[in-house]
Each structure stands twice: as structure tokens, then as C-alpha cells.
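Throughout, a chain's letter reflects where its sequence line sits, starting with A, and its residues are numbered from 1.
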There are 2 protein chains.
Amino acid sequence: MPRTSPLNQDISLSLIKTACSSCNLRELCLPFGLNLEELERLDDMVSTRRRIKRGDHLYRAGEAFDSIFAIRSGFFKTDVLLEDGRDQVTGFQMAGELLGLDGISTEHHTCNAIALEDSEICSIPFSRLESLSREIHTLQHHFHKVMSREIVRDHGVMMLLGTMRAEERLAAFLLNLSQRFTARGFSHAEFYLRMTREEIGSYLGLKLETVSRAFSRFQEEGYIAVQQKHIRILDVNGLKALMNHRS
Amino acid sequence: MPRTSPLNQDISLSLIKTACSSCNLRELCLPFGLNLEELERLDDMVSTRRRIKRGDHLYRAGEAFDSIFAIRSGFFKTDVLLEDGRDQVTGFQMAGELLGLDGISTEHHTCNAIALEDSEICSIPFSRLESLSREIHTLQHHFHKVMSREIVRDHGVMMLLGTMRAEERLAAFLLNLSQRFTARGFSHAEFYLRMTREEIGSYLGLKLETVSRAFSRFQEEGYIAVQQKHIRILDVNGLKALMNHRS
DNA sequence: GCTTTAGCTTGATCCAAGTCAACCGAAAAA
DNA sequence: TTTTTCGGTTGACTTGGATCAAGCTAAAGC
């Protein structure tokens, strides 16, 4: 939501001005744990908000890195392209999550970030994030936690790709989405997929046909109801059980 | 190497005292880019060195996190255990690399770190690393780069697990090891594997038999010479070509 | 020294997921 | 409105790697 200070009636400015202090994602995003005064200093840093239309790139692999991005609304995927044309989706990101952390290491982005629906992002110039986190201990620590969480998440995906069979992977994927939607106040049982079967397959190391077949099986078993991109989870425990049984 | 200041002849103390400023890994490890004065402040922080015998745990999943670890010498693996007994090796770490970054997020370690040969590590209390990096800009930035590099590395493994066939995975693995040994001044063409076929397989999402067969094929093709854990790379380009051709 | 055991290799067989192909349905374009 | 296109589903067939099994090698223990 835009800032609506009674002292500042300049609507056109306030609309493009981002304000972490009034953002309803502040408990999920970078501002987590900051007090009011610290929040206002963060507001100064996160200067620009930008709209990204569905299908557009937020950044491309190889571009110079200078900011990380917080998703204010919408849905993204990141993917990596190999020289020989193979590519893989490395993640799906939703509101409150950060994009671009991979670029810090080489000062160039190492993957593409593409909007899967019309989205809004906040740019956070990285050098300013570093200088502010030298002053605000809480911000520094939270940022470290976010980076570490990304590493843990990636280990989870490696686990999934390395040890799970097709249906287990898809079950894990659906449960993960459900859990993230819940954290954002949406239904845990009913949602629309923003990505195609092919993108799901790429992320899970499967072909689109295999993803489609697994959806059909889940439906036959009564775990879910699928209609194209519309998913209803009917039996969370069924899906969970599917994952924990070594077969 | 231990500190050998002419002013401090207390050998017993200097042996257990770590000194980043005289460590020959400082260009690979956390001290990278620091000046002398900054290095000495880092020395104060990295207080303890510890020996870990082959097969012993440096830490276990679930333990409280309070330090990250730099490998001074030796070789480690990290692995994750799922409830149902499945496990997967998530990485192999060698001298100059950091262990424990995954623990920052939840303040508990999320994987096990096990020495694959007798090793020495430096403990770096994380809260002190944070406070020091609030003062030393270069340290802060370098630490962020190291965390980011870990994320990029994990994306590479996801790519490998998601899109490559068995022989491509093993070729990528050997080339990666070779490159890391080179960076440490060892031969790029000849080295001993510290891990078993089963551990390699676990890391690459393959069974040990498949790893063994791939080694044999590489030998038949003249790419490498294998004898148990002793590897000689005879044709780097052969291995590289194997990875880049979509088949 | 010999014995044991953990790790490695190789062969035979099987199966989960990939490939190829046809068709369907929904949404976008004309 | 009709047509086209893109994404999804389903079936038939193939295959890469898993599984099962036997034997080998080298280092560790006695």
C-alpha cells in the first residue's frame, strides 16, 4: 500500500514512493524485526518501486548486479541457461521474497528472473543495504538469515532432485506452495498455479508429461482436485504420507 | 602455519592459536582482501583451532549454531538426513572453504558435517563475525560474497541433478574437483578421492554401481585413469565435451 | 604372516520416467 | 464469431539407471 501520511498530500509522489514502514509484507520481508525509527531509515533506502509485466525479465543472467529486489506483489521464476541450450528453473518466488542474491558473488546476475504474472518489485541498492546493515544490527542479522535460508532451501531442492521419485517431488512441491500461500494469508487448500507444467517439470527435474500424469494420479487417489491451473488440496496427509514412505 | 612472531616464543600457545594473518589460505578464505591491521583484528576473533579426526562429526543436524568454521586442512562432507532414513550428501568441502552457513537461518545446524580425513578447522563465533563486519567493510562484503557463492554453487548442483545424465554428472564432478585442487596449488590432473563411490553417488543423485560403471567407461574412452581412489585426468577436453553435447 | 571386511567392479534383469505421438480444451487472435 | 495457438492430457513404446547378485581388491585387524 502507498504511504498515506496526512502531512504529505502529494499523491503522485506517494504512489511511486515505496514505504517499508507501511508495507503489509514487512513481517515476511527485509523489515522483519525492525523498530519504527529503523523502518524509516529503510524507507529511504528502498527508493524505487517498479512494475514488471507478465513475461518480462526483472534481470537477465550476465547483467551487472547492483541491487537486490523484494517482491511486493506478483510471482516470479528464476532460471539458468547452460551453453548447450538446456535450462532449468531454479526457483519460484512470491510476495515478500528476495530476488538477486546470487548476483552478489560475482557482481553479475547468474540467472534470469521472469515475472509469471504482472508484478511489483522494490529495488534495494546493495551497497546501501550493506552500509545500512553496518548501522542497524537487526537488519544485518536478518539479512544474513535470509541468505542462509536460501542455502537451506536449495539443499531441500537438492534432496528432492537427488532422492525422490516423481510423485514425491510433486507432492513436496504442492505442500511447499500451500505452506507459502498460507504464510501470506491465502487459502492453504485452494490456489492457482502461476506456472506451466513444463516449468514445474523443469524445476522438479521431470518432463511435463510426467508432471501431468502425477497430477492425474493424485486426482484419482483423491488427494487433490486439478483443473488446469486451479488446484484444490483435498487430503494434505495423503500427500505427506506419499513423501515419507520409502518404496 | 602457526604464528611465529619473534616476540612470542611460547610455542605451546602459538600452536593452538590460529592466525589468519599468517595462514596460507588467506587468499581463499575469509581474510581475502583485508589489510594488515584488519587481519590482526580477525586473528583476535578466530580464537580456536580444532582437530577433527577422520570419520568424526564437526557438527550434527539439530545442534545449536553459534559459529561457522573455516577448514584449515583436510576434507569434509555435509549431508542431510530425511525422517524416512534417506540421506544425501549436499557437498564436499576442502581447505579454505567455510562450513556451517546453513545454520544461520534457524540458529540450528541443518546438516551433518563429517571429516573425510584428519582435518583442522578454525572456529569463527558468528556474533563476533557480525560485529567485526559492521566495522570492517571489506570483511562484510567478502562474507556476503561467500554466502552468495554458496547459493550459486547450489544452483549448479540443482542444474546437474535436474538436467544431466549420469556420465555428465560425474564429468562435471571431476572437473570441479580438479579446478578446486588447482586453486590450492595441487595438480589439476592427478588426485586422490577422499570419498567413496557411494558418497559420490549420493551427491550426484546416482547409485554407487552407476558411478563405478561411469568411471570404467571414462577409463575405456581414455579420458581418465582410475585405480580405486587414485584419479588421473588424461583428457580434460574429452570430459568437457561430454558435458556440453546434448544427446 | 593370514583373515576379515569395506569398498569397488561387472553382469543380468527390471522398471520409472523419458520419448513420441495423437488429441483435447481454453484462451488469444483474427 | 471463427480460427489459431498454447498448454495440458493420455497412450504406446523405449531406455537409462536402479536393483539384485556375484566376485574381486586392498587395506585393516589379528
In B/S/- notation (B base, S sugar-phosphate only, - none; protein heavy atoms under 4.0 Å), nucleotides 22-30 of chain D written 5' to 3' is ---------
Under 4.0 Å from OP1 or OP2 of D/dT10: is there any side-chain N or O of A/Ser216 that close?
yes
So for atom CZ, which belongs to A/Arg184, do other residues, nucleotides or ligands contribute more than 12 heavy atoms lying within a distance under 6.0 Å?
yes
What's the CD1-C1' distance between A/Ile231 and D/dG7, to the nearest Å?
14 Å
Could I get the full list of side chain to side chain donor-acceptor pair (under 3.5 Å) partners for B/His188, not counting sequence neighbours?
none
Under 4.0 angstrom, heavy atoms only, what part of the nucleic acid is B/Ser212 near: base, sugar-phosphate, or nothing?
base
Is there a side-chain contact between A/Phe65 and A/His108, using heavy atoms and a 4.5 Å cut-off?
no
Strictly under 3.5 Å: I want the nitrogen or oxygen pairs between protein and nucleotides 28-30 of chain C, one per line.
none

Quickly, which of B/Lys77, B/Lys229, B/Arg194 forms a salt bridge (charged side-chain N to carboxylate O under 4.0 Å, His left out) with B/Glu199? Name it, please.
B/Lys77
Nearest-Å distance for atom pair CG/P, residues A/Leu170 and C/dA17:
11 Å
Could you list, one pair per line, each protein nitrogen or oxygen that sits under 3.5 Å from a nitrogen or oxygen of nucleotides 15-18 of chain D, together with the distance?
residue: D/dG17; atom: OP1; partner: B/Ala166; partner atom: N; Å: 2.7
residue: D/dA18; atom: OP1; partner: B/Lys207; partner atom: N; Å: 3.4
residue: D/dA18; atom: OP2; partner: B/Lys207; partner atom: N; Å: 3.3
residue: D/dA18; atom: OP2; partner: B/Thr210; partner atom: OG1; Å: 2.2

Give me the ring orientation class for B/Tyr223 and B/Phe218: parallel if the planes are under 30° apart, tilted from 30 to 60°, perpendicular past 60°.
perpendicular
Looking only at the aromatic ring of each residue, does the gap between the centers of B/His230 and B/Tyr192 stay below 6.0 angstrom?
yes
Test item: A/Phe92 and A/Met195 side chains (from C-beta on) under 4.5 Å apart, heavy atoms:
yes
A/Arg50 meets the salt bridge (charged side-chain N to carboxylate O under 4.0 Å, His left out) criterion, sequence neighbours left out, with none
Find the distance B/Met195:CE to C/dA6:C1' and express it as a whole number of Å.
17 Å
CD1-CG distance between A/Ile52 and A/Asp118, expressed to the nearest 0.5 angstrom
10.0 Å
Rounding to an integer number of Å, can you tell me how far A/Arg217 CZ sits from D/dT10 C1'?
15 Å
For atom CD of A/Glu199 and atom P of D/dC6, their distance in whole Å:
14 Å
If we only count heavy atoms from C-beta on, is the B/Phe69 to B/Phe76 side-chain gap below 4.5 Å?
no
For the helix from C/dG1-D/dC30 to C/dA30-D/dT1, measure the angle between the helix axis at one end and the axis at the other, each built from five pairs, rounding to 10°.
40°
Can a side chain N or O of A/Arg197 be found less than 4.0 Å away from OP1 or OP2 on D/dG7?
no
With a 4.5 Å cut-off on side-chain heavy atoms, are B/Met94 and B/Arg180 touching?
yes
Output the rounded distance in Å from CD (B/Glu220) to C1' (C/dG11).
13 Å
Length of the line joining A/Phe215:CZ and D/dG8:P, which is rounded to integer Å
9 Å
Other residues, nucleotides, ligands: >12 heavy atoms within 6.0 Å of B/Glu198 CD:
no
